[in-house]
There are 2 protein chains.
Amino acid sequence: MSPARTARALAREAITREILDSARARLTTDGPAALSLRAVARDVEMVSSAVYRYFPSRDALLTALLIEAYDELGATAEGADAAVADRADTAARWIGTFRAVRTWCVAHPGEFGLLYGTPVPGYVAPRDTVDPATRVVRVLVRIVGDAYAAGARPPVVPASGTASAAPPGTVAPALAFIKEHGLMASLDLSDDELPETVRRALMAWTMLFGVISFELFGHQVGSVADPAAWFDEVALRLGVDLGIAV
Amino acid sequence: MSPARTARALAREAITREILDSARARLTTDGPAALSLRAVARDVEMVSSAVYRYFPSRDALLTALLIEAYDELGATAEGADAAVADRADTAARWIGTFRAVRTWCVAHPGEFGLLYGTPVPGYVAPRDTVDPATRVVRVLVRIVGDAYAAGARPPVVPASGTASAAPPGTVAPALAFIKEHGLMASLDLSDDELPETVRRALMAWTMLFGVISFELFGHQVGSVADPAAWFDEVALRLGVDLGIAV
DNA sequence: CGCCAATGAGAGCACTGCTCTCGGAATGGA
DNA sequence: TCCATTCCGAGAGCAGTGCTCTCATTGGCG
């Protein structure tokens, strides 16, 4: 991995780490948009120009933070799913993953704002970030797929013959998304019910993000007193509507 | 309204309007965090210090933009709901309101980022903003209330006796929220089913925000090809799960 | 040992939000 | 009409930002 363990390379690695940590600390206190390279330079007791030896620009530093945060959140979700010993208990895997994602986000509000908040105007995320960014939703799709492979199905809405009358335009892209990311293997489904599965998982992921975003960005003050309980209720509701919980 | 229509007062009103319009234009091009007071000063061909005669600080300008945008979005939602002539057609009111909200947000991405994106670090929204901010969700609650008053009910999940086993902690605050905002009058419901109604409406609002946020903040690239069709599907799914559509 | 690349420091440029002073112009009462 | 008051725009200035440049030093490899 690290071929030349010279003193200089070691120092570079340590200082890079120190810069990243300081930047993440500043992220949570000052917010992503106000991330000041000079401020982190002061934190690590260097002159601002010296930081540019380690990150060629502020955007590069942002990208590094972005990938690191995406990977941490993805690993958290994957770990929470894997922590459930009984793989057939998809309900526990579902709730556990949801709670783990929220816990991480609440503990890292600055990183959450960087990942899912207002995009920095001039900044465009490079290609390297799309793979770490999809780790959470891939976990959700996998849980739903396992549940459906084991026989679970979403509850049929009564007195409604057109419950699955969804616009056809979104089926193909979602399917392409699945195939592109190699999620087919873990999904044991026929072709006509697969897209519906993925769509519901995507909706659940959207809702998961929405409720956390509302909590962290302060849009629940006055309406929700206990965010954790409210979050659990949302997670349970999603699980019930998907047919994989209770 | 405007007691002294002197030339000076007229000029002040016109220039204030001009500053607000320029700021909104900059908002969509540069993003909320990068809103530069000097830039809008250049746009209206004034020196930066002169703008401070109209807005005492950049935060005050942000607050004015915030209230204006909240009111515009709220009026859009209310107008879309009111535009449906058949008040009993709650499905049409639901979809129409959803689409109108998305249309406005897509047309005003900068304002959306200001309203629902990463909060500006030092900035805290004053009390005047909470009332305009709740106009959209109030429309949703009203539609759901009308539908349930007319006899509609959410579909019962089969093979599940604990479908309403929601954590009790969130009931009281949601109810307090409803009473505080005077939504009781338009809701003709018994007490035990009211909180569930409001909770589902709040979830729908959360999902509505989530899907728009994902679209505008670029988290759907690669997975969703047609955002409008995907949005319609989500809106329909929410309506079905709530029991007010199809 | 000597050369070269890596590193940190400092100055400088253009930009930001914001405060201050100053002079001119509109307003309203005498 | 005259004049004091109020308002308003302009400019300078302060402290901060991202970023580029040059310069001296220092570590590592041949």
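Proteins come first, then strands; the chains are lettered A, B, ... in the order of their sequence lines, and each starts at number 1. Remember, predicted model here, so these are calculated numbers, not experimental data.
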> Among residues 16-25 of chain A, which contact DNA chain C at a heavy-atom distance under 4.0 Å?
Replying inline: none
> Which part of the nucleic acid, if any, lies within reach of A/Leu61 when heavy atoms closer than 4.0 Å are counted: base, sugar-phosphate only, or nothing?
Replying inline: nothing
>> At 4.0 Å (heavy atoms only), tell me whether A/Arg58 reaches a base, stays on the sugar-phosphate, or touches nothing.
In response: sugar-phosphate
>> Let me confirm one number: the CZ-CZ distance from A/Arg26 to A/Arg42, rounded to the nearest 0.5 Å.
In response: 7.0 Å
> Rounding to a whole Å, what distance do you find between A/Leu37:CG and C/dT16:C1'?
Replying inline: 16 Å
>> Measure CE/B/Met46 against P/C/dC18 and give the value in whole Å, please.
In response: 15 Å
> Salt bridge or not for B/Arg142 and B/Glu78, using N-O below 4.0 Å?
Replying inline: no
> Should B/Arg42 be listed as having a side-chain N or O under 4.0 Å from OP1 or OP2 of C/dT16?
Replying inline: yes
> Any side-chain N or O of A/Arg12 less than 4.0 Å from the OP1 or OP2 oxygen of C/dT7?
Replying inline: yes
>> Expected output is a numbered-order residue list: members of residues 47-56 of chain A with a heavy atom under 4.0 Å from any atom of DNA chain D. What is it?
In response: A/Ser48, A/Ser49, A/Tyr52, A/Arg53
> Using 30° and 60° as the class limits, which term best fits the ring planes of A/His219 and B/Tyr116: parallel, tilted or perpendicular?
Replying inline: tilted
>> Under 3.5 Å for both pairing distances: what stems, at least three Watson-Crick or G-U pairs long, include DNA chain D?
In response: C:1-30 with D:1-30
>> Given the structure, check if the side chain of B/Arg38 and the base of C/dG17 hold any donor-acceptor pair shorter than 3.5 Å.
In response: yes
